[in-house]
Amino acid sequence: MTHPMRTGARLELKDVTKTYTGHGADKHVLDHISCIVEPGEFLSIVGPSGVGKTTLLRLLTGLTPVTSGEILLDGKKVTSPPEDLAIVLQEYTRSLMPWLTVEKNIELPLKLKKIAKDERGERVQSAIIEVGLEGNGSRYPWQLSGGMQQRVAIARALASRPRILVMDEPFASVDAQTRLDLEDLVLKVRDDFGITTLLVTHDMDEAVYLADRVLVLTGKPAHVAAEIAVPLVYPRDQVETRAHPDFGHLRGEIYQLIRGKR
Amino acid sequence: MLALLRRFLISSWLVVVLLLFWWKVSANSESYFWPPLSQIASQFKTNWLFANVADDVLPSLKNLAVGYFIGAPLALFVGAHLGLSEIAQKIFSPLVNFFRSIPGVALVPIFIMLFGIGDQSRRVSIAVAVFFPTLIATIEAVRTSDAVLLDVSRSFRFSSFQSLWRVRVPSGAPMISSGLQVSLQVGFIVMIVSEMLGAFRGLGAFTVEAQQSFMIIDMWTGIIMLGILGYIFNVIFELIEKRALRWYRGQKGLTS
């Protein structure tokens, strides 16, 4: 199917530092993180658990303020959640509204943005088709499997027509098979809309499989250990791509970065 | 159909057995205070099917309805906003805790003093008594909204007003609903007590007057009528709640 092509947003992190203060000792979580994500690029952010990946995500989505440094989205400083950004979180059971049907969940942000009813309906339907949830619009999230719920969350994000999609461990709580399907769905979405995509994950395979580039965070406080370009061709394939020698190579490189500098 | 019948039998057999027991035991009673149930039943028919309903039941119910539908929505509105602001909670919580500790019925004399012994003072008493259970439940419901849901709301740039009424209040609806139910029960009690204190009509007035003029059978019919009404209110409330909170029961995996 055809989609109106949108261009992705450009994200720039300049010397971003985060220190949580209060409650005893200050906690220095992120140390001078700098990175540029080009429009339409797919960037994975990996690191050992507890390194501060989620903190970084909160900063660049504007949910939490930076301590110092700057985050720019298309050159505009991010101080609160920007218009062009949408997020998908790990906890799908908590991020969807259980009192609303799938359709109403996807529609709510559009409704509150005062988008006209006809257009809302169109956007909801095309988002449902995009994520493969046809026929489930009038069901409730809790009537769906975990994978399907996460599809609803992705559809909701897409319906607001973001230029950058940010996902925090979106597939960590679904079973292995579903996970592969969702990974390919996310690649399709990026392809269809050309949106810039950021994925925070602890899974190195997933990070490499999906991304143009992998940002590796390590240390306490966390800093950028490496930015690794992934030269594997798109479209990627769950079997072929993962069997490619470069795939294993990159994966090993990242593994050593994370293990070695712990 | 059969399942419905079964459910009805399961939930009603004990009531039937107890009524039969009462009927049997009281049948030859000569005690002035414990008249035979048969006499109470026939007097009940004379009093409440439906001779005195317009005079003694409907006005009471109207007072309850007016008081409830003023007090409860107001509590929802005030509670939702108090729940949002930690400072407001700190300022108002001593006041709220003071007033909630006073039983609703204790306020009745004050309002009789202020508004006289008419329906107005009863409605105000009910509204005030109904206010606090819903207020407290709503504050708590709004205050404890899921952090993930709120992050999502913020990421979609919901205004704080939008996230209050579109996210916090609906997600807290089960808790708020418990508050509304307690409010209804409290309102019912205050409705009766407010009529026992100096009213000329109403179920409470009828019952207390019967007792004071030693019309014990009439008194019993009043008490039974109150029980039936209270029961019906609760059933209606739960039916509405069950419908409105279908999602909550579904999410929790409850089947009935």
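Hydrogens, waters and symmetry mates are skipped; everything else that's a heavy atom, side chains included, is used. Just so we're on the same page: letters track the sequence lines, and every chain starts at 1.
No more than 12 heavy atoms of other residues, nucleotides or ligands sit less than 6.0 Å from atom NZ of Lys76(A).
Side-chain contact between Glu195(B) and Leu203(B) is present, with at least one heavy-atom pair separated by less than 4.5 Å.
Using a 4.5 Å cut-off between heavy atoms, Leu96(A) contacts chain B through its backbone alone, with no side-chain atom that close. Looking at Ser95(A), both its backbone and its side chain come within 4.5 Å of chain B, counting heavy atoms on both sides. For Arg157(B), the part lying near chain A is the side chain, with the backbone staying farther off; criterion is any non-hydrogen pair under 4.5 Å. Neither the backbone nor the side chain of Pro141(A) comes within less than 4.5 Å of any heavy atom of chain B. Contact annotation for Leu85(A): only backbone heavy atoms (N, CA, C, O) come within less than 4.5 Å of a heavy atom of chain B. In this structure, the portions of Glu83(A) lying under 4.5 Å from any heavy atom of chain B include both its backbone and its side chain. For Arg156(A), the parts lying near chain B are the backbone and the side chain together; criterion is any non-hydrogen pair under 4.5 Å.
For the residue pair Ser194(B) and Ser125(B), no side-chain donor N or O sits within less than 3.5 Å of a side-chain acceptor on the partner.
Under the 30°/60° scheme for interplanar angles, the aromatic rings of Phe188(B) and Phe233(B) are found to stand perpendicular.
Judged by distance alone, with hydrogens and angles left aside, the side-chain atoms of Tyr92(A) form no donor-acceptor pair with the main-chain N or O of Arg151(A) at under 3.5 Å. With hydrogens and angles ignored, the 3.5 Å screen pairs no side-chain donor or acceptor of Ser44(A) with any backbone N or O of Phe42(A).
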